[in-house]
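Both backbone and side-chain heavy atoms feed into the values below; hydrogens, waters and symmetry mates do not. Below, read A as the first sequence line, B as the second, and so on, with proteins coming before strands; counting in each chain starts at 1.
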Amino acid sequence: MLDIRLIREQSEQITARLAARGGESHLRINDILECDRERRAAETRLQQLQSDRKRISKEIGQRKAKGEDTSSVEAEVRALGDEVAKLNEEAALLDARQRDLLLQLPNLPHEGCPVGEDASANPEVRIWGERPAYAFTPQSHVEIGERLGLFDFERAAKVSGSAFVCFTGAGARLERALVNFLLDLHTREHGYTEVSTPFVVRAEALVGTSQLPKFEEQLYRCERDELYLAPTAEVPVTNLHREEILNPEQLPIRYTAYSPCFRREAGSAGLGTRGLIRMHQFDKVELVKITTPEESAQELEKLTADAEHVLQLLGLHYRTIELCTGDIGFGSTRTYDIEVWAPGQQAYLEVSSCSSFGDFQARRMNLRFKDGDGKNRFCHTLNGSGTALPRLMVALLEVYQQADGSVRLPAPLHAYFGSERLG
RNA sequence: GGUGAGGUGGCUGAGUGGUCGAAAGCAGCGCUUUGCUAAAGCGCCGUACUCCAAAAGGGUACCGAGGGUUCGAAUCCCUCCCUCACCGCCA
């Protein structure tokens, strides 16, 4: 959520920066300003009337204590009270409308965010390793996995429908090995604290991290209980500290969490095809940070490096791109995507998206810290995958497939998996 | 699911219709005293919104949330949420 005062005072710059995202969000600025003017006018009048009422009511109390008759004044104040109620309703309506408008407005891209219209304008910021060469035609993970009995889409569909998977045997064990490997790496080497949160969340949490109100159709909802399945651990983890005022000594907070992620993927291309690349449910190890505004930029670089470290340890060729203004997510000010090479797909797969949200989410969840002067300021929040598991598995299977049809795992996984190879 | 208790400022905790944004204590900040520490004394010490060009200074709201009664609600009534305890059920 953007600061209404900033919008009021720098409406032209704000409009221009939102326009860089494409879309139509910047066109709402004038509506917001108008609503803000109306709201403040109503509030000012309301406050004047309330002030009158308060004063007169106090006088009534004093006069009654002296035994005076106050019935005529009471009638007068009653009329005032009716007017207050009416204006109060009007002001509340305007306030709700303004909040709604602000909640629908995306974040401002960071000054450093490259300007561009769409994904084709995303600059590559780093590339690590090289595309491996094969003496044979690399197979897709789907073929490899079915041959080695690592997962089963047909049976998962019997249970849950299409775009779900059931890992089986060594596949399930590999999944578990990856979770442990990633959590150990981030806690032991990167300084994160492991948390294991609820996976079912309230609407307010989703508003906090900005999945709601705009992206409701992407969420699984449990209507009876007014709860949603978390689409990413970002939601429960970041919201752990909602409505809090943190001490600066606590910052930065760095959390890592394993969680399943549930996404309806309404309108997504590619859901009809088999494979692990896009599903309604997948596992992920997430990285979340809560920082001061001063530290957030460097913490984003570190967070991205932590996610990249996963791929480096596993010897997987990847590239890191920065999303341009036309491609960054709704709440993000700045995002790095890490894409791993998958030879069976002949494509780079996004395994991590590392973003800084500035104070956008913190405003929505009223997450603040007390600075050195004792003033309450909004925190900055960040998150990134570290990493998504099915796509990591895709890369591992496809990259490390052997001519004999087996898969040789990279060394860091041997102990976690309990074996050096699959098949 | 049932029964009971309860939700007040950073914390503890008073307050059951008016002068209460809220006693008191603790913590915190400033000053005085002091060789230092300690102790004592005095003062300050919530948040949000809003008015004013800004500062100074006003105003309004907020005692879990929402509604109601009243000239006036932390206080009375209703609904909901949450926490705790015990019982039941259950991985």
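- Partners of A:T209 according to the side-chain contact (heavy atoms from CB on, under 4.5 Å) rule, which considers only residues two or more places apart in sequence or in another chain, are A:Q211, A:E234, A:V235, A:T238, A:N239, A:Q361, A:M365.
- Taking atom P on both B:C20 and B:C29, the two are 30 Å apart, rounded to the nearest angstrom.
- Between A:E216 and A:R221 there is a salt bridge, with a side-chain nitrogen of the basic residue lying less than 4.0 Å from a carboxylate oxygen of the acidic one.
- Here, B:A48 and B:C42 have their P atoms 31 Å apart, quoted to the whole Å.
- Enclosure of atom CD in A:E117 is not indicated, since only 12 or fewer non-hydrogen atoms of other residues, nucleotides or ligands lie within 6.0 angstrom.
- A distance of about 29 Å separates the P atoms of B:A56 and B:A74, rounded to the whole Å.
- The neighbour count for A:R45 CZ, taken as heavy atoms of other residues, nucleotides or ligands under 6.0 Å away, does not exceed 12.
- Among A:H186, A:H241, A:H190, the one residue that satisfies the ring pair (Phe, Tyr, Trp, His ring centres under 6.0 Å) test with A:Y255 is A:H241.
- Between the side chain of A:S57 and the main chain of A:R53, a donor-acceptor pair closer than 3.5 Å is present.
- Geometric assessment of A:R263 against the ring of A:Y220 yields a negative cation-pi assignment under the 6.0 Å and 45° thresholds.
- Note on A:R39: only backbone sugar-phosphate atoms sit closer than 4.0 angstrom, heavy atoms only; bases stay farther off.
- Taking the C1' atoms as reference points, B:U75 lies 41 Å from B:U32, given to the whole Å.
- Nucleotides B:A53 and B:G68 are separated by 36 Å at their P atoms, to the nearest Å.
- Near-neighbour residues of RNA chain B inside residues 3-14 of chain A, defined by a heavy atom below 4.0 Å, number-ordered: A:R5, A:R8.
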Result block: side-chain N/O donor-acceptor pairs under 3.5 angstrom for residues 91-102 of chain A, not counting sequence neighbours:
from, atom 1, to, atom 2, distance (Å)
A:Q98, OE1, A:R39, NH1, 2.8

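- For the pair A:T44 and A:K54, nearest-nucleotide mapping onto RNA chain B gives the more 5' position to A:T44.
- When both pairing distances are held under 3.5 Å, B:G41 makes a Watson-Crick or G-U pair with B:C31.
- Comparing B:C77 with B:A22, their C1' atoms sit 23 Å apart, to the nearest whole Å.
- Checking B:C36 for Watson-Crick or G-U wobble geometry (two distances, each under 3.5 Å) identifies no partner in any strand.
- Using N1 to N3 plus N6-O4 or O6-N4 for Watson-Crick, or N1-O2 and O6-N3 for G-U wobble, each under 3.5 Å, B:A73 pairs with nothing.
- Taking A:R377 as the reference, A:P293, A:E294, A:F369, A:D371 meet the side-chain contact (heavy atoms from CB on, under 4.5 Å) condition, with sequence neighbours excluded.
- A perpendicular orientation is assigned to the rings of A:Y416 and A:F181, their planes being inclined by more than 60° (bins at 30° and 60°).
- Here the separation of B:G13 from B:C81, taken at their P atoms, is 26 Å to the nearest Å.
- Looking at A:L303 and A:Y192, their side chains come closer than 4.5 Å, going by heavy atoms from C-beta outward.
- If you take atom P in B:G46 and the same atom in B:G21, they sit 15 Å apart, rounded to whole Å.
- Residues from residues 56-64 of chain A with heavy atoms under 4.0 angstrom of RNA chain B, sorted by number: A:S57, A:I60, A:G61, A:K64.
- Residue A:E217 places its CD atom among more than 12 non-hydrogen atoms of other residues, nucleotides or ligands, all under 6.0 Å distant.
- If A:R78 and A:Q48 are placed on RNA chain B by their nearest nucleotide, the residue sitting closer to the 5' end is A:Q48.
- A:N376 comes within 4.0 angstrom of sugar-phosphate atoms only, judged by non-hydrogen atoms across all strands, and of no base.
- Nucleotide B:A61 has B:U47 as its partner under the Watson-Crick or G-U criteria, with both atom distances under 3.5 Å.
- Protein chain A contacts RNA chain B from B:G18 to B:C82, reading 5' to 3' and using non-hydrogen atoms of the protein with a distance under 4.0 Å.
- Under the Watson-Crick or G-U wobble criterion, with both distances below 3.5 Å, B:C84 is paired with B:G4.
- If you check B:G21 for Watson-Crick or wobble pairing at under 3.5 angstrom, you find it has no partner at all.
- Salt-bridge annotation for A:D306 and A:K302: absent, with no side-chain N of the basic residue lying under 4.0 Å from a carboxylate O of the acidic one.
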